[in-house]
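Okay, so here's the structure we're looking at.
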Protein chains: 2
Amino acid sequence: MDKQRDDTIASRISRALAERIISGALTPGERLRQDHIAEEFGASHVPVREAFRLLEAQGLAVSEPRRGFRVAAFDLKEVREVAEMRAVLEVLALRHAIPHLTAAILDRAEAATVAADTSRDVRSWEAANRAFHRLLLTPCGMPRLLASIDDLHAASARFLFSAWRSSWEARTDHDHRAILAALREGRGDEAAKILERHVGWIGKTPVKTATGETREAFSIVG
Amino acid sequence: MDKQRDDTIASRISRALAERIISGALTPGERLRQDHIAEEFGASHVPVREAFRLLEAQGLAVSEPRRGFRVAAFDLKEVREVAEMRAVLEVLALRHAIPHLTAAILDRAEAATVAADTSRDVRSWEAANRAFHRLLLTPCGMPRLLASIDDLHAASARFLFSAWRSSWEARTDHDHRAILAALREGRGDEAAKILERHVGWIGKTPVKTATGETREAFSIVG
DNA sequence: GAATCAAAAATTATCTATAATTTGAAAACA
DNA sequence: TGTTTTCAAATTATAGATAATTTTTGATTC
C-alpha cells in the first residue's frame, strides 16, 4: 500500500475528520485543537489547518479567527435548509441526467434501493441511499453541481445519524421505486416531481434512543 | 487603521486574489506560485496556502496535488452550469424571502436597478446588479443557501468581465422591473418565474473587444 | 529519444510571537 | 465569616515565520 497515492496529507486528515463529524464521533460545537489532531496523525499543524479549511468549505467546521475551529453546530432550521437545497439541486441534476440514463444504470439504482430496504443499520442504509441518488444524478455531467450535492448529502447524513444513533428498522422506500418506474416509462417530469418531494420532506418520526426510550425527532428521509 | 481587525491574513490574501481572478487580472489556468504571492503580501506561504484553499472552495482555484494551485479554467459548459444553479437556488431563496420583504427593501432594490441601468462600465453594473439580487434574497434567512449563491455570483461576474473587457453600454433591465412590479402586487409566483428565466438565460451577444472589433460571445444577463 | 542531473517549487516540520482563556489571589460586599 | 467580583499572572493554543525535505520540471548529455 502506497504511503501517499495522489492526495496530500491535508486531504487525508480532512476525510478522516469529516467521517468523524458525520458519524457523530465529534459532536457539534466541539473544538478542533490543531496540535492534538496534528499529533494524532503524526503531522504538523500546517496540513491540519488546511484540512480545517476543507471542512469549513463543506460546512462541517466553522472558523473563529484567533480562536481556532469548531465542529459546525446545526439545528432544525439548517436541516430544513439543506433538504430544500438538495431538493432543487437534485431535480436540476436529474433533468440533465435523464437523456443519458440507460437501462443498466436504472437496474443498478434498483439494486441500491433493494440494498437500502434490506439494510440492518442506519449506516449501510445511508450508503445505499446515497448510491441510489448518485447513480441517477451523475450522468448529468455537471461537476460543480454534483460537488454541491455531495456536500449537502454529507450534511444530511450527519443529521440522519444524530437522530438514529442506536436502532434502525428496515422499511421499503416507495419513493425510490416510483422514481424508477417513472424513469423507465419516460415520464421524466413525474420522476423529478417525486424526487423533489422525496428529498425535501422533513417530518417527525419516532426514534429509539440508546436507553430504549422512544422520542419524537425531526428527520430527513431521502 | 488597524493592521488586523477581526480577520486573518489568509482571508485578506484570499479576498485580494479573488478580486484579481474575478476581474481577469489573473487569467484562467495561470499558476498561483505561493512563494511569489507570499513575498508580494509580505507574509509566509502558510497563510497563502490557506487562502488557496478558500479560493478552491469558491471554485476560483483548483489544486493539483504536489504541483500547486492554478486559477480555475472555465468554458461555456460551466457558464451554463453556474447560471442554472443560480436560477434554481435564487428562486428557492426568493420564495422564502417573500414573506419578509418590505416596501423599503423593494424601494432599495429599485434604486439598485436604476443604478445598474445608468452605470457606465461593466464593473459598476455588476455591483448594482448583485446588490439588487442580494436585497431581494437576503431576507430568506438561510445562511448556507445565501453563501452558495454568493459563490455562484462571483463565478458569474468572472464570466461577465471576461466577455465585456473593454466597452459597455447601458440598457434598461426590464426583468428587474417586472420582478419588482410582481412582488409589489403580491404575485410572488410570477416574480419567481421571471427570476428563474432571468438568471438562467444564456445567449449570444455582440461584444466589442479592446481592438474595437465586434464579435459574438456567450454571456449571462442576470 | 531516453536517461541523468540540477534547479525550482510545493509540502511539511520546527520554532516563535501573540492572543485568548483560565486560575488564583485580593478586595469589596453582604 | 462567607460569598462574590475583579484584576492580574500564568498557562494554553492559534497564527505566522523560518527552515528542511520531497517532488516536479527542465535542461543537458549520451
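In what follows, every chain begins at residue 1, and chains take the letters A, B, ... in the order their sequences are listed. What you see is a predicted model; the values in this text were computed from it and never measured.
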**Message:** Taking the basic N atoms (NZ, or NE/NH1/NH2) and the acidic carboxylate oxygens, is any pair closer than 4.0 Å for Glu196(B) and Arg95(B)?
**Reply:** no

**Salt-bridge contact Arg123(A)-Glu126(A) (side-chain N to carboxylate O under 4.0 Å)** = no

**Prompt:** Are the aromatic rings of His176(A) and His133(A) close, with centres under 6.0 Å apart?
**Reply:** yes

**Fill in**
In terms of heavy-atom contacts, Gly141(A) and Lys77(B) come closest through O-NZ, 3.2 Å

**Fill in**
Its contact letters, B for base, S for sugar-phosphate only and - for none at protein heavy atoms under 4.0 Å, make nucleotides 8-15 of chain C read -SBBBBBB

**Request:** Apply salt bridge (Lys or Arg N to Asp or Glu O under 4.0 Å) to Arg134(B) and list each qualifying residue two or more places apart in sequence or on a separate chain.
**Result:** Asp150(B)

**Atom-pair distance (CD on Glu56(A); P on dT14(D)), nearest Å** = 15 Å

